[in-house]
Amino acid sequence: MTDSEPVEAALRRLKKQLDREGVLWELRRRSFFVNGTERRRAKAFRKRFKTRMAALIAQRNAGMSQSAIAQANAAFWQRTGKP
């Protein structure tokens with residue numbers, strides 16, 4: 001930064017240089033790192049969730065009454081841990 005250069009221009013140059021070098025990209029990538037155990041647990045949860053949702057949809061299509069569908073829906077959300 002020179003004496004005659006405004007601070008805003010120097011900041012702009014700094015931001016461009018950081019962007020070119022990928023510093024911010026690397027910082028974002030590292031801040032969202034998920035270790036292997038968490039990744040596997042999330043994958044297993046998604047698999048269980050999809051299976052249960054498919055079973056619920058199959059029950060709905062099987063001609064269940066509205067009250068039975070409501071009970072199945074409540075049981076589904078209770079099993080998955082969602083509200």
Side-chain angles (χ1 to χ4, degrees):
M1 185 171 150
T2 62
D3 291 335
S4 62
E5 184 180 20
V7 175
E8 292 83 17
L11 281 174
R12 219 175 306 125
R13 276 192 312 112
L14 175 65
K15 287 181 182 179
K16 283 183 181 181
Q17 185 176 6
L18 290 174
D19 191 36
R20 270 187 246 122
E21 293 179 11
V23 173
L24 294 176
W25 177 83
E26 183 71 20
L27 181 68
R28 282 190 212 106
R29 186 182 72 82
R30 288 177 184 234
S31 68
F32 291 111
F33 177 77
V34 179
N35 63 16
T37 305
E38 291 176 10
R39 194 179 306 125
R40 284 189 297 275
R41 287 183 70 203
K43 184 177 179 181
F45 176 81
R46 282 192 307 271
K47 186 176 179 181
R48 284 194 318 268
F49 184 86
K50 285 182 179 181
T51 304
R52 289 178 181 157
M53 191 61 160
L56 179 64
I57 290 171
Q59 286 176 350
R60 285 182 181 170
N61 293 338
M64 293 174 59
S65 67
Q66 289 293 338
S67 61
I69 291 173
Q71 288 175 347
N73 200 3
F76 168 76
W77 289 114
Q78 186 177 19
R79 284 191 310 266
T80 57
K82 301 284 184 182

> Any side-chain heavy atom of Lys43 sitting closer than 4.5 Å to one from Arg46?
Replying inline: yes
Kindly compute the distance separating [atom1] ([X]) from [atom2] ([Y]), expressed to the nearest 0.5 Å.
X     : Y     : atom1 : atom2 : answer
Leu14 : Asp19 : CG    : CG    : 11.0 Å
Thr37 : Arg41 : OG1   : CZ    : 8.5 Å
Arg20 : Lys16 : CZ    : NZ    : 7.5 Å
Phe45 : Lys50 : CZ    : NZ    : 12.0 Å

### Query
Is it true that Leu18 and Leu11 fall in one hydrophobic cluster, defined by side-chain heavy atoms closer than 4.5 Å?
no
Checking Lys15, Arg13, Glu21 against Gln17 for side chain to side chain contact (heavy atoms under 4.5 Å, CB included), the one that qualifies is Glu21
Under a 4.0 Å threshold between the charged nitrogen and the carboxylate oxygen, would Glu26 count as salt-bridged to Arg30?
yes
